[in-house]
Participant: 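Before anything else, here's the structure in question.
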Amino acid sequence: MVEISLNTGVRKEVPAGTPFMALLEELPEEMRRDAVAVKVNGRIFDLRQAVTDGGEVEIVTGGSEEALDILGHSTAHLMALAVMELFGDVKFAIGPSIEDGFYYDFLLERTFTPEDVAAIEKRMRTLRDEGNLEFVREDMPKDEAIKLFTGLGQTFKVELLNDLEAETVSIYRLGGFTDLCSGPHVPDIKMVRAFKLLSTAGAYWRGDEKREMLQRIYGTAFFSEEDLSKDLTRREEAKRRDHRILGPQLGLFDIKEEAGGGLVFWYPKGYILREIIETYWKAEHRKAGYDVILTPHIARSELWKASGHYEYYRENMYIIQGEGQELVLKPMNCPAHILIYKSKLHSYRDLPVRYAELGTVYRNERSGTLHGLLRVRGFTQDDAHIFCTPEQLLEEVESCFEFAHQLLTSFGFDNYKVELSVHDPDQMEKYAGTEEDWQKAEASLLAAIEKRDIPFRKIIGEAVFYGPKIDLKLIDAIGRGWQATTIQFDFNLPRRFDIVYVTSEGKREYVYMIHRALLGSLERFIGTLTEHYAGEFPMWLAPVQAILLPIGLEHHDYVRSCLEKVRAAGIRAEADLREEKIGYRIREAELQKIPYMLVAGSKEMEEGTFDVRSKARGRLGAKKIDEIIAELVDEIDTKA
RNA sequence: GCUGGUGUAGCUCAGCUGGUAGAGCAACGCACUCGUAAUGCGUAGGUCAACGGUUCGAAUCCGUUCACCAGCUCCA
């Protein structure tokens, strides 16, 4: 007998071997129906599995993340069964649940067409409704499982098994489909109620480009049709916000085939947006104690040999031939900043030195990785390098973090996720710097995060070879994450360039170097901003803040004189004087997502007013022109 | 870079199994002089991504290249 207590408050003693399902019998009907799995002492189990140890049993129900995870995984198995039935000779790779749904990777001759996917989805529903299916779990010794999957010709599963440390493994059967799987799965296949297969894509076996290319099918699954339709709506919403569509549509930016992939053309309106960001950025950096600098776009390859980029980053660099010498189009700003630092000998009294640059860099990114503004070949980093003493480390990291927070929130990003990437102590040989350096740096990064008392994820082994880092991922208006801020230590370059400072004892020591980009790159940041606001930028960022619309010809002079006044107040305003119907011009202004439309006919002209139509709040009624100007200026100044 | 898909007028797209291209919007012209998300009529606009091949004949079939999309990988 073991003693267990349910998180509903029930305590009882049951014989070991009782299925968890039996524990639920006394619970209210709706709770039982909702139960997907149980968690005992942090481990998650199927309802069909048996109680072995006593302890706290937490019931995982439909609403939770974990339940969705299980559902996605179960749906992936059902999909695999459907694929097996429809296409026969299939090798199965893996089929996990992911943040955004689930997928399964298959190896087969045929390439899936959209019709195939529809057929698979249909078969899944038939199997669910008529197949009388159940997930059946079976534990077996590893070598037995190897025999089983070898017999089935499932070589990927055999490979996975061979790499597993465990003595005993579990398999799950669903109809004729047998999978190596630790589970758990939903207790009833009928729970796979609301799902949709979304897309197909290629994926390498184990993410290794030297291995087999598999076919992946992505899908999404929920416990109710309502949740599914919400998710599908969210995906539609994401499409509506796509900066690659909005950019050209709003006259912000575009990428030209004639120039090549990953190279951005900033149109007049997009450049206004960019210029506002740059101006604000520079002003804030000076306030925060940075010196703003500018360095060349190309430099002799010797510089890149010294930094190590020439050897280790070569495939990403554009190398050009000059007059008898080789030049590199800069992929990073750090060596240039170091040259400025090295222009004189620094004492500990000078530190920290903070050099900031809106540094435009070029990297030869692989063609398949290019993606709108989010992944380009030429981009401007909002870069800075901080040179400091070990004692200053913590304070500098803290102020970087604070600065990033301040910048991001002023652009409307109130939420972000924090990731701390640290070294893997077992692989010290692949890192630059000493264990002591790493300990010190990681401790200060950690302290800076903890001081802010916010949740974060620590990822061991994710640090780059030259130092640990903090990354901030912005969460946008519809909950998606975007890489922005990165604060990184560098133990490599100070040694390579021999950059030092003189201590109070008169000794020369290597400086500590922090590399940080707060917005990330202007391109990516503006892409992210565009999607966050769906192109409806707040007043201080909107390229056109107001448009003046006369009803008819006789109101043109009035509108012209008011336009001058509005512009004189520093508002970016235009007038649409075309001889089109007012409805037509309003529609165009709406589609251009201009925050304010100021409409004037005879009545307004007489009274010195405009009828104000706000993109966000609709028609606000007539107001005196001076009053309107004051309100708009206030909205701009408060960055609302 | 890899897998799959796509590339037709400024934009969104139609064009079946090969017989040298069509719509809507935009542009331009004319008429209308207009009150809060599209007034009507007309005109012009394309070496069908580029190059090569098959064919009597290619937007359509094949090959190569470029670009884009969904991913893999990579990353600001």
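Residue numbering restarts at 1 for every chain, and letters A, B, ... go by the order of the sequence lines.
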Participant: Any strand counts, and the cut-off is 3.5 Å on both contacts for Watson-Crick or G-U wobble. Which nucleotide pairs with B:rA26?
Facilitator: none
Participant: For B:rC68, does either OP1 or OP2 sit under 4.0 Å from a side-chain N or O belonging to A:H371?
Facilitator: no
Participant: Rounded to the nearest Å, what distance is computed from the CG atom of residue A:L374 to the C1' atom of nucleotide B:rC74?
Facilitator: 15 Å
Participant: For the rings on A:Y341 and A:H385, is their centre-to-centre separation under 6.0 Å?
Facilitator: no
Participant: Going by purine N1 to pyrimidine N3 plus the second Watson-Crick contact, or the G-U wobble pair, all under 3.5 Å, which nucleotide sits opposite B:rG19?
Facilitator: B:rC56
Participant: Starting at the 5' end of RNA chain B and moving along, which residue's nearest nucleotide shows up first, A:G368 or A:R363?
Facilitator: A:G368
Participant: Hey, does the side-chain of A:E257 have a donor or acceptor N/O within less than 3.5 Å of a partner on the base of B:rA67?
Facilitator: no
Participant: Quick check: A:Y271 with A:F253 (ring centres under 6.0 Å apart)?
Facilitator: no
Participant: Verify whether the ring centers belonging to A:F403 and A:F401 lie closer than 6.0 Å.
Facilitator: no
Participant: Does B:rG63 have a Watson-Crick or wobble partner in any strand here, with both distances under 3.5 angstrom, and which is it?
Facilitator: B:rC51
Participant: Considering only B:rU36, B:rG35, B:rA70, which nucleotide approaches the side chain of A:S199 most closely?
Facilitator: B:rA70
Participant: Can you tell me the Watson-Crick or wobble partner of B:rC32, both distances under 3.5 angstrom?
Facilitator: none
Participant: Is the phosphate of B:rA70 approached by A:R244 (side-chain N or O, under 4.0 Å from OP1 or OP2)?
Facilitator: yes
Participant: If we take the P atom in both B:rC51 and B:rC69, what is their distance in whole Å?
Facilitator: 24 Å
Participant: Can you check the distance between B:rG22 and B:rG15, where both ends of the measurement are the P atom (answer in whole Å)?
Facilitator: 15 Å
Participant: May I ask which nucleotide in the shown strands pairs with B:rA14, Watson-Crick or G-U wobble, both distances under 3.5 Å?
Facilitator: none
Participant: At under 4.0 Å, does any side-chain N or O of A:Y584 touch on OP1 or OP2 of B:rA26?
Facilitator: yes
Participant: For a 4.5 angstrom cut-off between non-hydrogen side-chain atoms, does A:I487 reach A:R516?
Facilitator: yes
Participant: Does B:rA70 pair with anything, Watson-Crick or G-U wobble, both distances under 3.5 Å, and if so, with which nucleotide?
Facilitator: B:rU3
Participant: Is the ring centre of A:F387 less than 6.0 Å from the ring centre of A:H337?
Facilitator: no
Participant: Taking the side chain of A:Y204 as heavy atoms from C-beta outward, which of B:rA27, B:rC2, B:rU36 is closest to it?
Facilitator: B:rC2
Participant: Taking atom C1' in both B:rU73 and B:rC16, compute the distance separating them and give it to the nearest angstrom.
Facilitator: 40 Å
Participant: Just how far, in rounded Å, is P of B:rU36 from CG of A:L591?
Facilitator: 17 Å
Participant: Taking the side chain of A:E579 as its heavy atoms from C-beta onward, which of B:rU33, B:rU39, B:rU3 lies nearest to it?
Facilitator: B:rU33
Participant: Between A:F537 and A:F411, does the ring centroid distance fall short of 6.0 Å?
Facilitator: no
Participant: Is the base of B:rG4 stacked against the aromatic ring of A:F112, taking ring centres under 5.5 Å apart and planes under 30° as the test?
Facilitator: no
Participant: Quick check for you: among B:rG35, B:rU39, B:rG71, whose closest atom lies nearest to any side-chain atom of A:K581?
Facilitator: B:rU39
